[in-house]
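Below is one structure, written out as structure tokens; the observations come after it.
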Amino acid sequence: MSEPAEKIPATNFIRNIIADDIASDKWGGRVATRFPPEPNGYLHYGHAKSICLNFGLARDYNGVCHLRFDDTNPEKEEQEYVDSILDAVRWLGFDWGEHQYFASDYFAKLYTFAEYLIEQGLAYVDSLSAEEMRALRGSHVEPGENSPYRDRSVAENLDLFRRMKAGEFADGAHVLRAKIDMASPNFNLRDPVIYRIRHAEHHRTGNEWCIYPLYDYTHCVSDALEHITHSICTLEFEDHRPLYDWVLDQLQPLIGWHPQQIEFSRLNLTYVVLSKRKLIDLVEGGYVDGWDDPRMPTLVGARRRGFTAAGFRLFTDRIGVSKADSWIDMSVLEDCMREDLNIAAERRIAVLNPLKLVIDNYPEGQSEDCFAPNHPLKPELGKRAVPLSRELWIEREDFMETPSKGYFRLFPGNRVRLRYGYVVECTGCDKDADGHITAVHCTYLPDTKSGTPGSDSVKVKGNIHWVSVAHAYQAEVRLYDRLFAAANPGAGDRDYRLDLNPDSKTVISACLEPSLRDASAEDSFQFERHGYFVADRVDSQPGKPVFNRTVTLKDSWGKQG
RNA sequence: AGGGGAGUCGCCAAGUGGUAAGGCAACGGGUUUUGAUCCCGUCAUUCGUAGGUUCGAUCCCUACCUCCCCUGCCA
């Protein structure tokens, strides 16, 4: 989409830290951040915040941002996810250049460093089962107890660890633990496991390894090896920072680099869920049409929905970053998309809920072109012809037989302008046996055609859009709304699925202006007076696009009613 | 023997000893051939609570309250 004015983000605590570091020359003036996804699922809105934050910082401080896959768990990770993550980051508008890495590329070094820890007496092989280990871990009020294997000799540990690597043991038979402090009030320091046995095929290293390092050991080492300066993560890792620092302090002689971990609060958004488990439930339970369903808060879903990368960047700047727990209302994200699309999207006309309007004094079989600007804010984009004839489709909502207070559209005796066409005066309507309105009648004022001299001599308040019945492009349009009807799905003990919005997707056949037949997949438009729509990138065929509603326009009239 | 964080306007968020930035929303007005956009204006004597220090406190001290995170061989 376009590049709207992306203002310089307000100051925040992370920028203050970086600015101080630059001033004190702490990192030799460098700024290196990283976005470290695990390739075990699709990226969601929350990741967009992290991506924009990390890459945005690198961009603003003339630094670099690495894209590193944290792929240390072979049982969950797949190449398919790597590809989709690469796509998503690129789509958001960021470029990691040469800096694409995989934690799995560091397996050999990680292993060497682990042997070093063993040699230093800082790690040991434990042979307790997971259950036994848990039993000895203690609780919030009791210290943990040392494993009976904690005092194995360096030689025995080394031998066992090498045999673990050689594949002599079954999964779970042994683990390598850092020897820190079983009595620490911080659970992460109660001799955390840093290596486990997993006879599983890894998406990149195949069967080369049967022992895999865990996150706390891998992540800090990866950061250090890449000479990251500021390792930015979410708040739940704050408790892990002492371990991050411990590992790098011990490995200082080998690596000699120690990034600063900085934590910020993750994104909480209303009317949606962002936990991986719940998103999987939604897909597997058939509540949505897949990971890229336009209602899903995934980035692939957002893209199909017509949300824009610039909109996400605006959103990230607008919500800021801090350590306070916060809930951002979905309307903030929607407004950001409107703000970008208002500038980016060309205008088109679409009648979504058609009602026939007959211009009784317009000759049958005749038609003429009206000219509509493609973008009111960008006259240089020119105008396009829209055919007008005797029978038009208008919105059912644009006619009221007995108008309510303040209503200024079509009603008997009232005049409105057919947008970009003539002023018409309503003369009445037809009804069927049940009293339902089947057509509206009017007469037009020939001297009032838009763009002709004197056309403004007749002043009207109402202005309605229309599509010629004979020329309309009848197309499928999906009207999407928020996935959940409750601001906080599943609040309390409630099953969050009970809060699903039953009207989150409505498929209609709409009457579109003829030019819309030429829309290409992913083209975004504002359907005037309705909202922003995008040609679906999956289901559109050449010459036969189908549209997804991205977001409606704001409507201050609806509020009063 | 618990530990780690956070509380500043409806929602975000700066400020951190000198008397409360900004954004979004809301509201009022103007423009408008989208009840949209745009433009102008209004919008915290007050910073979780109670004390204390100080000429002066959102900022320092003490106590308390509320919320979030932590006992995966997940990340």
To the nearest angstrom, the NE2-C1' distance between His240(A) and rA75(B) comes to 9 Å

Presence of Arg198(A) side-chain N/O under 4.0 Å of rC74(B) phosphate oxygens OP1/OP2
yes

Over all strands shown, is Phe237(A) touching base, sugar-phosphate only, or nothing at heavy-atom distances under 4.0 angstrom?
base

Nearest-Å distance for atom pair CD/P, residues Glu145(A) and rA1(B)
16 Å

Does rG35(B) have its OP1 or OP2 closer than 4.0 Å to a side-chain nitrogen or oxygen of Ser556(A)?
no

Short side-chain N/O contact to rC73(B) OP1/OP2 from Arg137(A), under 4.0 Å:
yes

Assigned glycosidic conformation for rG72(B) [threshold 90° from 0]
syn

Would you call Glu346(A) and Arg384(A) a salt bridge, taking side-chain N to carboxylate O under 4.0 Å as the test?
no

Is there a side-chain contact between Lys554(A) and the phosphate of rU37(B), meaning an N or O under 4.0 Å from OP1 or OP2?
yes

Using a 4.5 Å cut-off on heavy atoms from C-beta on, say whether the side chain of Trp209(A) contacts that of His202(A).
no

Of Pro143(A) and Asp71(A), the one whose closest nucleotide on RNA chain B sits nearer the 5' end is Pro143(A)

Between Asp317(A) and Arg313(A), is the closest basic N to carboxylate O distance under 4.0 Å?
no

Does any nucleotide pair with rC60(B) by Watson-Crick or G-U wobble geometry, both distances under 3.5 Å, and what is it?
rG52(B)

Does the structure show a Watson-Crick or G-U wobble partner for rU66(B), both distances under 3.5 Å? Name it, or say none.
rA6(B)

Does Tyr195(A) have its ring centroid less than 6.0 Å away from the ring centroid of Phe161(A)?
yes

Residue matched to rC38(B) through Watson-Crick or wobble contacts both under 3.5 angstrom:
rG30(B)

Check the angle between the aromatic planes of Tyr101(A) and His66(A) and answer parallel, tilted or perpendicular using the 30° and 60° thresholds.
tilted

Rounding to a whole Å, what distance do you find between Glu236(A):CD and rC68(B):P?
15 Å

Looking only at side-chain atoms of Asp335(A), point me to the closest of rA75(B), rC70(B), rA25(B).
rA25(B)

Same-atom distance (C1') from rA21(B) to rU46(B), integer angstrom:
15 Å

Just the rounded figure in Å: distance from P of rC73(B) to OH of Tyr212(A).
18 Å

Has Arg196(A) got a side-chain N or O lying under 4.0 Å from the OP1 or OP2 atom of rC74(B)?
yes

For rG48(B) versus rA26(B), give the span between their P atoms, rounded off to a whole number of Å.
27 Å

What's the closest nucleotide to the Arg318(A) side chain, out of rG23(B), rA14(B), rU33(B)?
rG23(B)

Among rG2(B), rA14(B), rA36(B), the nucleotide that comes nearest once only the side chain of Leu553(A) is considered
rA36(B)

Which nucleotide, rG72(B), rA14(B), rC70(B), lies nearest any side-chain atom of Arg134(A)?
rG72(B)

Verdict with supporting geometry, Tyr271(A) and Phe484(A), ring pair (Phe, Tyr, Trp, His ring centres under 6.0 Å)
CA-CA 5 Å; Tyr271(A) 296 99; Phe484(A) 289 90; 9.1 Å; no

When you measure from the side-chain N and O atoms of Arg338(A) to the phosphate of rA36(B), is any distance below 4.0 Å, counting only OP1 and OP2?
no

Beyond-backbone contact of Lys278(A) with Tyr496(A), side-chain heavy atoms, under 4.5 angstrom
yes

Answer yes or no: does a side-chain N or O of Arg529(A) lie under 4.0 Å from OP1 or OP2 of rG35(B)?
yes

Do we count Trp557(A) as stacking onto rG35(B) if the rule is ring centres under 5.5 Å and planes under 30°?
yes

Mind calculating the distance between CG (Leu243(A)) and P (rA75(B)) to the nearest angstrom?
12 Å

Would you classify Tyr420(A) as touching base, sugar-phosphate or nothing, given that sugar-phosphate means primed atoms plus P, OP1 and OP2, and contacts are heavy atoms under 4.0 Å?
base

In this structure, how many angstroms lie between the C1' atom of rA75(B) and the NE2 atom of His44(A), rounded?
12 Å

At 4.0 Å (heavy atoms only), tell me whether Pro376(A) reaches a base, stays on the sugar-phosphate, or touches nothing.
base

OP1 or OP2 of rU32(B) sitting under 4.0 Å from any side-chain N/O of Asn463(A)?
no

Just N and O in the side chain of Thr72(A): are any of them under 4.0 Å from OP1 or OP2 of rA75(B)?
yes

Starting at the 5' end of RNA chain B and moving along, which residue's nearest nucleotide shows up first, Ser326(A) or Arg347(A)?
Ser326(A)

